[in-house]
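One structure is given below, encoded as structure tokens.
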Amino acid sequence: MMRKSGKDHGSSTLQGLRRGSVLCAIGLVGCASAPVEPPRSVVPHPTLAAADPAIDEARAEATWRAFLDQRQAYLDRLAEPLVACAERSLRDEASVSTACTTEDWPQLLQAAHALSRAYLHTRDHAHARAAELAAGPEVIEAARRDLHAHGVQADPYAYVWVLVAARTRVELTAVSLGDESLDALADEVAQGLETWLHTRPEPELARGMLLGAPNSVAWVAQNLWQWARARGDEALAARMQQFTAQRLLDEQIDQWCDLSMDDRPESFELFPPCLHRVLAVLTVMPQPEVAPWVRQVLEGRPELAPLGEAPLATHAALNFSRSWGLWALYRATGDAGYKRAYAEHIMTQMDTARWERLHEQDRAWVAEFGVYAIDMSYPVDSPAY
């Protein structure tokens, strides 16, 4: 997603705080004298499906097979706007738009990451070439200039993509993504983001866990831990585990943050906050330590169905970002229902007519979310790696 768009999403979400009453109840913000009426959701109907205690294994398997049949085609379709974005970085079109120019380095680093992952599974060399172009030296230098001029606090979401792109470079040798200057930049960004996490006032930290806005606390903590692991920084990894255990596993959050809270998203949410919290916890924490907590969170097995038609691009991304957490739940529990839900969210968003209705300027950043989702379904020990 473009950095300018991310800032707009964050401010608009805070203005329409659906969960303000919860923050008030747990004492993290001041309470208004009159009851706070939640703003209307743009989702036209509820999307929380009633969970069937007996998992329909046949349905789950049929859905999974249908997804696998289309998975390669999905990657090819998602790569198209990402390749176009990378190629546009060569042209001077700043007078028309900054999208996919070096000024929009977060978008290009997103594209670099997604195209690298796509190449592993498509072996389309056009994807590899475009990935290398999107993480070129001019892009890295533009990110460094912004970092030194404004710091990570200007847009934490944007700087997370520096960590994601750098981790891709370290972990994958099939694509020449940037050079050591990207690693050095990521180290500097990691220091800034860790400071940002630890210096948030309590109300802001709570909002960052409560909202699905770009500057998600869970998203930052998860990617700091993943970068630390890729970099071999055991101290940073340990600090992120401690932060996750103390803040994301806070019992007060457990009282309100179950998956049903993600049923009706805010107008500008692109992450599902409660499911995203689960994703971060399952990524960062040792599985045996959090297994009892996962069972508690999933009590009653709430099941999110894909979002229906909505007028905002963020909700297109939300179908994909939901699937990240659903896949993590499947891996943690072995529950085929979560694997089915993962596939259904992706297939819903990849419906041809629905994809074509997505505005062209939004397709690249939404496509990155899609590639991120689909890449999860490949075995880590796949020959592609």
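By convention here, the first residue in the shown sequence is residue 1. All values below were derived from every heavy atom in this structure, side-chain atoms included, with hydrogens, water molecules and symmetry-related copies excluded.
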With sequence neighbours excluded, tell me which residues meet ring pair (Phe, Tyr, Trp, His ring centres under 6.0 Å) with Trp355. none
Residues that Trp227 engages under side-chain hydrogen bond (donor to acceptor under 3.5 Å, both in side chains), provided they are two or more places apart: Asp187
Trp161 and Tyr157 aromatic ring geometry - parallel, tilted or perpendicular at 30°/60° bounds: perpendicular
Any donor-acceptor pair under 3.5 Å from Arg322 side chain to Ala317 backbone: no
More than 12 heavy atoms of other groups within 6.0 Å of His148 NE2: yes
Can Ser216 and His276 be said to form a side chain to side chain donor-acceptor pair (under 3.5 Å), step by step? CA-CA 9 Å; Ser216 161; His276 220 50; 4.5 Å; no
Is a side-chain donor or acceptor of Gln287 paired with a backbone partner of Leu282 at a separation under 3.5 angstrom? yes
For Arg144 and Glu141: C-alpha separation, side-chain torsions, deciding distance, then whether salt bridge (Lys or Arg N to Asp or Glu O under 4.0 Å) applies. CA-CA 5 Å; Arg144 180 180 290 105; Glu141 181 56 32; 3.0 Å; yes
Validate the cation-pi geometry between Arg123 and Tyr119: distance from NZ or CZ to the six-membered ring centre under 6.0 Å, angle to the ring axis within 45°. yes
Parallel, tilted or perpendicular, judged at 30° and 60°: which one describes the rings of Phe369 and Trp365? perpendicular
Do Met347 and Tyr74 come within less than 4.5 Å of each other through their side chains, counting heavy atoms only? yes
Take Arg71 and Ser377 through the test side chain to side chain donor-acceptor pair (under 3.5 Å) and record every step on the way to the result. CA-CA 9 Å; Arg71 183 168 62 175; Ser377 67; 3.0 Å; yes
Trace of the salt bridge (Lys or Arg N to Asp or Glu O under 4.0 Å) decision for Arg229 with Glu171: CA-CA 10 Å; Arg229 294 277 291 182; Glu171 293 176 347; over 6 Å; no
I want to know whether Phe271 and Trp219 have ring centres closer than 6.0 Å. yes
I'd like to know if the side chain of Asn319 reaches the main chain of Leu307, judged simply by a donor and an acceptor atom lying under 3.5 Å from each other, with no hydrogens or angles considered. yes
Measure the acute angle between the ring planes of His121 and Tyr378, then classify it against the limits of 30° and 60° as parallel, tilted or perpendicular. parallel
Summary of salt bridge (charged side-chain N to carboxylate O under 4.0 Å, His left out) pairs that have at least one residue in residues 232-248, sequence neighbours excluded: Glu194-Arg239, Glu202-Arg247
Under the salt bridge (Lys or Arg N to Asp or Glu O under 4.0 Å) rule, what do Asp254 and Arg277 come out as? Steps first, then yes or no, please. CA-CA 10 Å; Asp254 289 338; Arg277 173 195 178 215; 2.5 Å; yes
